[in-house]
Amino acid sequence: MSPMYFSLSSAFILGLMGLTFNRSHLLSALLCLESMMLTLFIATAIWSLMLNSSSSSIIPMIILTFSACEASAGLAILVATSRSHGSDNLQNLNLLQC
């Protein structure tokens, strides 16, 4: 395994482990999701450069667009929960309550 593939896979796994184990605040979960999406963007950008194909060069831009949409939706949810509940602690949120 080359060092580039090892570093990309370890960065994605670290983001996944951070999302799995540190679920105390919504902001930390959103940052872990963003690191995973950034790793996927870098991996697909390198993959499209290695293929030298014009049809696969749009895939990193699509992933970057979805990442921006996910970040804006996550920040909107973060602002809404901190305004309504007073903090972003995930233990204090009751999702069954309207």
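Note that these values count all heavy atoms, side chains included, but never hydrogens, waters or copies made by symmetry. Position 1 is the first residue of the sequence, and the numbers go up from there.
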Joint cluster assignment, V79 & I77, ILVMFWY side-chain distance < 4.5 Å: no
Can you give each donor-acceptor pair under 3.5 Å made by side-chain atoms of residues 9-19, sequence neighbours left out, with the distance rounded to 0.1 Å?
| unit_1 | atom_1 | unit_2 | atom_2 | d |
| --- | --- | --- | --- | --- |
| S9 | OG | Y5 | O | 3.0 |
| S9 | OG | F6 | O | 3.1 |
| S10 | OG | F6 | O | 2.9 |
| S10 | OG | S7 | O | 3.0 |

Partners meeting side chain to side chain donor-acceptor pair (under 3.5 Å) with E34 (sequence neighbours left out): S67
Neighbour count >12 (heavy atoms, 6.0 Å) for atom CE, M4: yes
Residues forming a side chain to side chain contact (heavy atoms under 4.5 Å, CB included) with S57, sequence neighbours excluded: none
Separation of S87 OG from L27 CG (nearest 0.5 Å): 12.0 Å
What side-chain donor-acceptor pairs closer than 3.5 Å can you find for residues 35-51, not counting sequence neighbours?
| unit_1 | atom_1 | unit_2 | atom_2 | d |
| --- | --- | --- | --- | --- |
| S35 | OG | C32 | O | 2.8 |
| T39 | OG1 | S35 | O | 2.8 |
| T44 | OG1 | L40 | O | 3.0 |
| T44 | OG1 | F41 | O | 3.0 |
| S48 | OG | T44 | O | 3.3 |
| S48 | OG | A45 | O | 2.9 |

Within one Ile-Leu-Val-Met-Phe-Trp-Tyr cluster: L33 and F21, side-chain cutoff 4.5 Å: no
